[in-house]
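See below for the structure under consideration.
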There are 2 protein chains.
Amino acid sequence: MKRYSPQRETILKIILDDGTHLSVDDIYNQARSKMPKISLGTVYRNLKTLEEHAEITQVQGPQQVAYFEPNRGPHHHFICRGCNSIRDIKDPEIKVCTGCISKKTPLKIEEVITTLYGTCEACS
Amino acid sequence: MKRYSPQRETILKIILDDGTHLSVDDIYNQARSKMPKISLGTVYRNLKTLEEHAEITQVQGPQQVAYFEPNRGPHHHFICRGCNSIRDIKDPEIKVCTGCISKKTPLKIEEVITTLYGTCEACS
DNA sequence: GCAATAAATAGTATTGATTCCTATTTAGAT
DNA sequence: ATCTAAATAGGAATCAATACTATTTATTGC
Ligand SMILES: [Mn+2]
Ligand SMILES: [Mn+2]
Ligand SMILES: [Zn+2]
Ligand SMILES: [Zn+2]
């Protein structure tokens with residue numbers, strides 16, 4: 001982190017306190033209630049910086065919209081096609097054998113993202 | 001398919017003939033070389049229709065860009081972070097135990113999408 | 001403390017993929 | 001041949017994200 005700023009602290013705190021998956025707009029609105037003059041560009045810039053420093057993680061939600069959550073180790077996501085809600089899946093059944101794949105291709109695999117789509121209880 | 005149109009046939013043929021993963025712009029440009037007056041809106045509309053009728057599949061590429069390919073059964077994708085190229089991964093090692101998960105959650109899982117990110121040979 | 005300076009910000013404009021709108025054309029049915 | 005719902009071309013609008021820029025602010029060295 002190159003420099004400290006109250007805006008960055010505010011944004012990080014919002015994400016840590018919430019603990020779930022927040023859209024940029026969620027974060028922007030919450031931040032504005034604390035710092036009315038904060039700009040949307042600042043939110044985007046800091047989200048990027050915080051992600052680069054591994055303090056938060058970006059999750060690609062439905063319709064290409066980004067969501068952010070605190071870094072809490074590798075896990076997967078379930079996205080409800082009814083209400084677009086996102087929730088964590090920690091089930092270790094979802095495990096990809098990266099090593100096995102690596103032996104068979106000349107590709108360097110750096111990350112594997114598995115996302116489950118379906119219908120949540122509320123939308124059933 | 002509600003109705004036939006030469007535009008739709010042209011678009012489908014481009015995707016079937018190519019066989020790889022084409023961006024909307026790729027498809028639009030190829031289509032224009034055959035039908036100079038075709039509009040971008042028509043390309044988007046038909047891609048959506050063709051996908052709804054399961055003749056093609058949409059792949060979500062990097063940076064919110066959609067790619068399309070012929071329907072050729074379930075498989076996964078590798079996306080190179082260097083050149084943004086997409087390629088198929090058919091390795092059966094990538095297999096998620098949907099049944100196992102289903103037993104543990106009240107969520108209805110309808111689709112599991114696994115995407116691998118990394119660096120291709122050319123970009124290494 | 002006090003400049004110097006590099007980083008960060010607010011506000012605004014711009015981009016770029018996708019969708020929407022509407023008058024016109026067209027494929028398929030009777 | 002006529003009718004009508006579906007599809008089209010062309011353009012405007014949307015919307016998340018980024019870029020730009022003048023101004024503010026945190027940090028470093030005196
Ligand atoms: Mn999560
Ligand atoms: Mn594919
Ligand atoms: Zn739901
Ligand atoms: Zn590459």
Side-chain angles (χ1 to χ4, degrees), chain A residues 1-15 21-53 55-69 79 81 84-86 115, chain B residues 1-15 21-53 55-69 77 79 81 83-86 115:
Chain A
M1 208 72 42
K2 292 188 177 177
R3 192 174 281 187
Y4 168 98
S5 86
Q7 288 88 343
R8 180 169 302 161
E9 189 204 34
T10 298
I11 291 166
L12 179 56
K13 187 166 167 20
I14 287 167
I15 295 168
H21 307 87
L22 294 172
S23 72
V24 176
D25 249 29
D26 293 336
I27 296 164
Y28 180 45
N29 288 327
Q30 285 195 40
R32 267 199 300 188
S33 75
K34 298 179 183 182
M35 305 179 73
K37 306 225 70 176
I38 197 170
S39 80
L40 185 56
T42 296
V43 173
Y44 274 104
R45 189 173 358 88
N46 279 296
L47 289 173
K48 192 176 180 184
T49 305
L50 288 167
E51 198 196 3
E52 282 165 4
H53 289 77
E55 307 218 36
I56 63 175
T57 305
Q58 180 170 358
V59 179
Q60 216 54 38
Q63 282 124 27
Q64 309 307 107
V65 181
Y67 291 81
F68 293 86
E69 66 178 332
I79 297 175
R81 287 202 165 117
N84 285 341
S85 63
I86 303 176
T115 307
Chain B
M1 207 73 38
K2 293 187 176 177
R3 190 173 284 188
Y4 168 97
S5 86
Q7 287 87 344
R8 182 169 302 160
E9 189 203 35
T10 298
I11 291 165
L12 179 57
K13 186 164 167 23
I14 287 168
I15 296 167
H21 306 87
L22 293 173
S23 72
V24 177
D25 250 29
D26 293 336
I27 296 164
Y28 180 45
N29 288 327
Q30 285 194 40
R32 267 199 300 187
S33 75
K34 299 180 183 182
M35 305 179 73
K37 305 224 71 174
I38 197 171
S39 80
L40 185 55
T42 296
V43 173
Y44 273 103
R45 188 175 357 88
N46 279 296
L47 289 174
K48 191 177 180 183
T49 305
L50 289 167
E51 198 197 3
E52 282 165 3
H53 290 77
E55 306 218 37
I56 62 174
T57 305
Q58 179 170 358
V59 179
Q60 216 51 43
Q63 281 125 25
Q64 76 250 14
V65 180
Y67 291 81
F68 293 85
E69 65 177 332
H77 291 105
I79 298 177
R81 288 203 164 115
C83 60
N84 286 340
S85 64
I86 302 177
T115 307

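A note on names: the letters A, B, ... follow the listed sequences, proteins ahead of strands, and every chain is numbered from 1.
- Here the side chains of A/I11 and A/I38 are in contact, with some heavy-atom distance below 4.5 Å.
- Considering every non-hydrogen atom in both A/E55 and A/L12, the closest pair reads OE1-CD2, 3.4 Å.
- For the helix from C/dG1-D/dC30 to C/dT30-D/dA1, the axis fitted to the five pairs at one end and the axis fitted to the five pairs at the other end meet at an angle of 30° (nearest 10 degrees).
- One interatomic measurement links the two molecules: CD of A/Q60 to P of D/dA16, which rounds to 13 Å at whole-angstrom precision.
- Computed from coordinates, the A/L47 CG to D/dA17 P distance equals 10 Å when rounded to whole Å.
- Cation-pi geometry between A/R32 and A/Y28 is met: the NZ or CZ atom falls under 6.0 Å from the ring centre, inside 45° of the normal.
- Separating the NE2 atom of B/H53 from the P atom of D/dA6 is a distance of 12 Å, rounded to the nearest angstrom.
- Neither side chain, A/N46 nor A/T49, offers a donor N or O lying under 3.5 Å from an acceptor on the other.
- Regarding A/L50, its CG atom lies at a distance of 13 Å from the C1' atom of C/dA8, rounded to whole Å.
- When the side-chain nitrogen and oxygen atoms of B/Q7 are compared with OP1 and OP2 of D/dA9, one or more of them lie within a distance under 4.0 Å.
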What's touching nucleotides 27-30 of chain C from the protein side, N or O pairs under 3.5 Å?
unit_1 : atom_1 : unit_2 : atom_2 : d
C/dA27 : N3     : B/R3   : NH1    : 3.0
C/dG28 : OP1    : B/Y4   : N      : 3.4

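- For the pair A/R45 CZ and C/dA6 C1', the interatomic distance rounds to 14 Å; values are reported in whole Å.
- Nearest heavy-atom pair, A/I14 versus A/I27, reported as atom, atom and distance to 0.1 Å: CD1-O, 4.0 Å.
- Rounded to an integer number of Å, the gap from CZ of A/F68 to C1' of D/dA16 is 11 Å.
- Of all heavy-atom pairs between A/F68 and A/A66, the closest is CE1-CB, 4.0 Å.
- Shown here for A/P62 and A/Y67, the closest heavy-atom pair between the two residues is CD-CE1, 4.2 Å.
- Interface residues of residues 24-39 of chain B facing DNA chain D, ordered by number: B/K37, B/I38, B/S39; criterion, heavy-atom separation under 4.0 Å.
- The CD atom of B/Q30 sits 11.0 Å away from atom OG1 of B/T10, with the distance rounded to the nearest 0.5 Å.
- Environment of NZ in B/K34: crowded, with over 12 heavy atoms of neighbouring residues, nucleotides or ligands closer than 6.0 Å.
- One interatomic measurement links the two molecules: CG of B/L40 to P of D/dA7, which rounds to 18 Å at whole-angstrom precision.
- The two atoms that bring B/L47 and B/V24 nearest to each other are CD1-CG2, 4.0 Å, heavy atoms only.
- Side-chain atoms of B/E69 and B/H77, non-hydrogen and from C-beta on, do get closer than 4.5 Å to each other.
- What separates OH of A/Y44 from C1' of C/dA10 is a distance of 16 Å, to the nearest Å.
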